[in-house]
Number of protein chains: 2
Amino acid sequence: MAKIKSSKNATKKETIVEKASKLFFEKGFSASSMRDLAERVGVEAASLYNHIRSKEELLQEICFKAAQHYTENIDAIEKEDTPFIQKIEKILRFHIDQMINNYEVVQVVDRDWKHLSEPHLTNYHNERRAYRKRITAIVEEGIRRKEVKDIDAPTAVLIMLHAVSGIESWHRSVQKISAKDLEENILLILLKGLGK
Amino acid sequence: MAKIKSSKNATKKETIVEKASKLFFEKGFSASSMRDLAERVGVEAASLYNHIRSKEELLQEICFKAAQHYTENIDAIEKEDTPFIQKIEKILRFHIDQMINNYEVVQVVDRDWKHLSEPHLTNYHNERRAYRKRITAIVEEGIRRKEVKDIDAPTAVLIMLHAVSGIESWHRSVQKISAKDLEENILLILLKGLGK
DNA sequence: CCTACCGATCGGTAGG
DNA sequence: CCTACCGATCGGTAGG
């Protein structure tokens, strides 16, 4: 409930992780240097290591915090007693919201999670697979109840999750469309299709 | 027409670019070293520079060759005298095919084009925008002719292009679904929607 | 195509 | 939090 948004009462480590998210988003994890990061934080590179153990720890923080956020959301949706097509809609709305309001983190996680080292790499990979499986189960139940078209559920999940990631480009564009309109358009396309 | 597919009569430079595509796909452009690449090609790192000018030239080759391929396809589709909803379907089929049969290149281009230096970065960015605009124009004409739902066309294009990129995960998965079934499922979802 | 090597930069540590 | 510095690795060149 207590959402801290880059405010002054954030830990120094939190500040570092936040600056790292933006840096990694802009340059990618591998092309980002600790000296780059230190400059943005406003200290010397060596000083960062009083708050973090390594560059990779930053990536771990980013990836697993995001994963936890995703898990909490799917927990809540699974518990709800609503039609399955509505659960799918809520999952989509959550991902759209994340991509609009937390896109640096989302993009870094999607693009750079492969740079995690073991055992974190395997752990993260498993979390990712588990998350997709839970969404797949919801889609499959939706199909069984005739609320969803008879499609291959894992394929549908891949499309749902990746279609939404396209909004990243929206941030850089002229943004002639509002965030709300964007959300409704995406839902319309994915739920009802492009064709008339 | 003459498609050479990693055959023996490829130039040494072509071999290097091909190996680079796979390496960049696996590790990302920035995390790939020329010594990595040299080992895969079977020579010393210094020897690569008899065939290429720099590491970045490899990325340029990959990005602009792909861009040319995309442009040729949209050229052909624009010329066709078919319903616009069919043009959209053909665009989708082209991208699905690329993602299934040429996924290393597609992924490298999408993930690492930002590491191009000027003036290539701007050139590539412009080509990308122009390509999307041409697809957007097709979607808009489809809407005008009532073949396509009345949606925000740029948003639809973002979704189309990114939804397809989700298939990359399909490669890593168990592949219980065939390429043909995958293609038909994607088209069904994007053209007709998830809902029943 | 190789050996030998360059300057630059990297992530990270020691010690205060 | 800083100065000073480490070994490793990077992209790339010289010269044959």
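Computed from a prediction, not measured in an experiment: that's the story for all the values here. So you know, we letter chains A, B, ... as the sequences are listed, proteins then strands, and number each from 1.
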Please verify the inter-ring angle class for A/H95 with A/Y70; under 30° counts as parallel, over 60° as perpendicular, anything in between as tilted. perpendicular
Using the six-membered ring wherever Trp is involved, compare the ring planes of B/W113 and B/H125 and label them parallel, tilted or perpendicular (cut-offs 30° and 60°). parallel
By nearest nucleotide on DNA chain C, pick out whichever of A/A46 and B/S47 is the more 5' one.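 It is B/S47, whose closest nucleotide lies nearer the 5' terminus.
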How about B/E39: does its CD atom have over 12 heavy atoms from other parts shown lying under 6.0 Å from it? no
Would one find more than 12 heavy atoms of other residues, nucleotides or ligands at under 6.0 Å from atom NZ of B/K19?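 No.
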Counting only N and O atoms by type, is there a donor-acceptor contact under 3.5 Å from the side chain of A/K149 to the main-chain atoms of B/G193? yes
Any donor-acceptor pair under 3.5 Å linking the side chain of B/E56 with the backbone of B/S117? yes
Watson-Crick or G-U counterpart of D/dG16, or none if no pair lies under 3.5 Å: C/dC1
Quick check for you: name the first and last nucleotides of DNA chain C, 5' to 3', having an atom under 4.0 Å from a heavy atom of chain A. C/dC10 to C/dT13
Using heavy-atom distances to pick each residue's nearest nucleotide on DNA chain D, tell me which of A/A45 and B/A45 is more 5'. A/A45
When we call it a touch if two heavy atoms are under 4.0 Å apart, what does B/S32 touch: a base, just sugar-phosphate, or nothing? sugar-phosphate
